[in-house]
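For this chain, numbers begin at 1 and follow the sequence in order.
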Amino acid sequence: MSSSNMSSPKPVAPVTGLQLPVCATCGVQYDAPRADCPVCLDERQYVAWAGQQWTSLAELRASGRGGRLREEGPGVIGVGVDPSVAVGQRALLIRSPSGNVLWDCVGYLDDDLAAEIEKLGGISAIAVSHPHFYGVMTEWGRVFGAPVYIHEADRDWVGRPDPTIEYWAGDTHPIAPGMTLINAGTHFAGGTVLHWADDPEGRGALFSGDIFMVVMDRRWVSFMYSIPNFIPERPSTIRRALELVEPFDFARIYGAFWGRVVTADGAAALRRSADRYLRFALDDGA
C-alpha cells in the first residue's frame with residue numbers, strides 16, 4: 001500500500017482489453033470469445049431472454065458510456081457507469097491514508113475514468129465481493145497496478161485469470177491497515193464483505209455488496225442465494241456469517257447500489273435483519 005493517497009497524480013497504464021468479450025447481462029469480462037457465460041448459466045443469475053449477448057469495452061465506450069463519481073459517505077466515493085452497464089452496481093473507492101482500496105468492480109473502464117481516480121490518489125488494492133460484480137476487474141488491476149483480492153472458493157468463476165488476482169483462503173484476511181476481508185459465504189461460497197475500522201467517523205463501516213443486501217428500507221438488510229430469481233439463503237449459512245462478523249463494530253453498511261447505505265446502527269441492523277429473516281424462514285406454521 002502507498003504511504004499516502006494525497007500524492008500527485010501519476011500516469012496510469014492504458015486500458016488494453018478493449019476487444020475482449022464482456023457479457024452484456026452480468027458485465028463479466030472473459031479472456032477469449034466463448035458461446036456462453038457460466039456466471040449467467042448459474043441458477044443465481046440468468047441468460048438474457050433473447051439469448052446470450054456480448055459486448056466489449058470498445059463497444060461500451062462507443063455507445064457513449066462514461067464513468068460516474070459521486071460521494072457515497074465519509075471518505076467513500078461511488079464509482080459507476082452512466083448509462084449503467086449490466087447489473088448496474090457501483091463500486092466504492094475507500095480513501096485511506098495508507099492507500100485507497102476499490103471495493104467491488106463494474107463492467108467498464110476507460111482512460112478518462114482511470115485518470116480521474118488517479119487524481120483522488122489512485123488504487124492500491126481491489127477487493128470484490130462475488131462473481132456477479134467481477135466486471136472487468138482484471139483490467140482495473142492492470143491499469144492501477146493493484147492486486148485484486150478474490151476468495152479461493154470462487155476461483156472457478158474468474159473469467160479472465162491474471163497474475164494481478166490474489167486468491168485468499170480462510171475466514172478473514174487483512175489487506176491494509178484497518179481493513180479486513182470476511183468470508184461471510186452468503187450468496188456465493190466465497191461471498192466476501194469488507195470491514196473498515198478506521199473510517200473518518202470513527203464508528204467503523206462494513207462494505208457488503210449484496211452479500212448482505214441493503215434493501216429499500218435502509219434500516220435493514222436481507223440475505224439471498226439468488227436476488228433476481230428470489231431464492232432465499234439457507235439459515236445455517238446466515239448463522240455462520242453472523243458469527244464471523246460479530247467481532248467487528250460498524251455503524252454504516254454500504255450496499256451494492258447508489259444510495260443503498262445504512263447510515264447508523266449498522267451492526268444492530270444486521271442482527272435484527274437476520275432475526276427477522278430467520279423468524280420468517282423457519283416458521284412452520286405450528
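Inter-residue side-chain proximity for Leu242 and Arg271 is flagged as met; some heavy-atom pair is nearer than 4.5 Å. At least one side-chain heavy atom of Leu60 sits less than 4.5 Å from a side-chain heavy atom of Val85. With a 4.5 Å cut-off on side-chain heavy atoms, Val143 and Pro14 do not count as touching. Two residues are said to be in side-chain contact when any heavy atoms from C-beta on lie closer than 4.5 Å; Leu194 and Met179 meet this criterion. For the pair Met137/Val158, a side-chain contact is recorded, criterion being any heavy-atom separation below 4.5 Å from C-beta on. Residues Glu72 and Leu92 have side chains in contact (heavy-atom distance under 4.5 Å, counting atoms from C-beta outward). You'll find the side chain of Val261 reaches within 4.5 Å of the side chain of Arg252, heavy atoms only.
Residues that satisfy the side-chain hydrogen bond (donor to acceptor under 3.5 Å, both in side chains) test with Asp265, not counting sequence neighbours, are absent from this structure. Applying the side chain to side chain contact (heavy atoms under 4.5 Å, CB included) test to Thr25 and every residue at least two apart in sequence or in another chain returns Cys23, Cys40, Gln45, Tyr46, Ala48. Not counting sequence neighbours, the partners of His187 by the ring-ring contact (aromatic ring centres under 6.0 Å, His included) test are His130, His132. Partners of Trp54 according to the ring-ring contact (aromatic ring centres under 6.0 Å, His included) rule, which considers only residues two or more places apart in sequence or in another chain, are Tyr30.
To the nearest 0.5 angstrom, Arg234 atom CZ is 13.0 Å from Arg239 atom CZ. One distance of note links CD1 of Ile165 with OG1 of Thr138; it measures 3.5 Å at 0.5 Å rounding. Here the straight-line distance linking atom CG of Leu270 with atom CD1 of Ile253 works out to 5.5 Å at 0.5 Å rounding. To the nearest 0.5 Å, the span separating CG on Asp217 from OG on Ser222 amounts to 11.5 Å. Separating the CD atom in Gln19 from the OG atom in Ser56 is a distance of 5.0 Å, to the nearest 0.5 Å. Here the straight-line distance linking atom CD1 of Ile238 with atom OG1 of Thr186 works out to 7.5 Å at 0.5 Å rounding.
With hydrogens and angles ignored, the 3.5 Å screen pairs a side-chain donor or acceptor of Glu139 with a backbone N or O of Gly17. With hydrogens and angles ignored, the 3.5 Å screen pairs a side-chain donor or acceptor of Asn183 with a backbone N or O of Gly191. For the pair Asp82 (side chain) and Gly66 (backbone), a donor-acceptor distance under 3.5 Å is absent. A donor-acceptor pair under 3.5 Å is absent between the side-chain atoms of Arg95 and the main chain of Ile77, judged by distance alone. Although no hydrogens or angles enter the test, the distance criterion places a donor-acceptor pair under 3.5 Å between the side chain of Gln89 and the main chain of Cys105. Proximity of a side-chain donor or acceptor of Ser208 to a complementary backbone N or O of Asp210 within less than 3.5 Å is not detected. Within the 3.5 Å criterion, the main-chain N or O of Ser124 finds no donor-acceptor partner in the side chain of Asn100. For the pair Ser273 (side chain) and Val221 (backbone), a donor-acceptor distance under 3.5 Å is present.
Between Arg90 and Val106, the shortest heavy-atom contact is CA-CG1, 4.1 Å. Across all non-hydrogen atoms, the minimal contact from Asp31 to Pro161 is OD2-CD, 3.6 Å. Nearest heavy-atom pair across Val128 and Thr192 is O-CB, 4.3 Å. Considering every non-hydrogen atom in both Gly141 and Val148, the closest pair reads CA-CG2, 3.9 Å.
In this structure, Arg155 pairs ionically with Glu152, as a charged nitrogen and a carboxylate oxygen lie closer than 4.0 Å. In summary, Arg160 and Asp162 do not engage in a salt bridge, as defined by a charged side-chain N under 4.0 Å from a carboxylate O. Between Arg61 and Glu59, none of the side-chain N atoms (NZ, or NE/NH1/NH2) sits under 4.0 Å from a carboxylate O, so this pair counts as no salt bridge.
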Please tabulate, for the side chains in residues 107-117, all donor-acceptor contacts under 3.5 angstrom to protein atoms that are two or more places apart in sequence or on a different chain.
residue : atom : partner : partner atom : Å
Tyr108  : OH   : Arg65   : O            : 3.1
Tyr108  : OH   : Asp110  : OD2          : 2.6
Asp110  : OD1  : Asp112  : N            : 3.2
Asp110  : OD1  : Leu113  : N            : 2.7
Asp111  : OD1  : Val15   : N            : 3.1
Glu116  : OE2  : Lys119  : NZ           : 3.1

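Residues Val39 and Val136 fall within the same hydrophobic cluster, defined by Ile, Leu, Val, Met, Phe, Trp and Tyr side chains chained together at heavy-atom separations under 4.5 Å. Tracing side-chain contacts under 4.5 Å through hydrophobic residues (I, L, V, M, F, W, Y), one reaches Ile123 starting from Leu120; they form part of the same cluster. Residues Leu206 and Leu181 do not share a hydrophobic cluster, clusters being chains of Ile/Leu/Val/Met/Phe/Trp/Tyr side chains in contact below 4.5 Å. Linking ILVMFWY residues whenever their side-chain heavy atoms come closer than 4.5 Å, directly or via other members, leaves Leu244 and Phe207 in distinct clusters. No chain of hydrophobic side-chain contacts below 4.5 Å, direct or via other Ile, Leu, Val, Met, Phe, Trp or Tyr residues, connects Phe144 to Leu20.
A ring-centre distance under 6.0 Å is not found for Tyr167 and His151. The distance between the ring centers of Trp196 and Phe250 does not fall below 6.0 angstrom.
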Quiz item: Going through the distances and angles, do Val47 and Leu41 end up as a side chain to side chain contact (heavy atoms under 4.5 Å, CB included)?
Solution: CA-CA 6 Å; Val47 177; Leu41 287 173; 3.8 Å; yes
Exercise. Any chance you could lay out the side chain to side chain contact (heavy atoms under 4.5 Å, CB included) test for Asn229 and Arg44, step after step, and finish with the verdict?
Key: CA-CA 7 Å; Asn229 299 323; Arg44 284 162 286 200; 5.8 Å; no
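Among pairs with a residue in residues 208-238, those fulfilling ring-ring contact (aromatic ring centres under 6.0 Å, His included) read Phe212-Phe223, Phe223-Tyr277, at least two apart in sequence or across chains.
Because its NZ or CZ atom is not both nearer than 6.0 Å to the ring centre of Tyr254 and within 45° of the ring axis, Arg260 does not count as a cation-pi partner of that residue.
The aromatic rings of His195 and Phe248 sit tilted relative to each other, their planes meeting at an angle between 30° and 60°.
A donor-acceptor pair shorter than 3.5 Å can be found between the side chains of Ser129 and Asp104.
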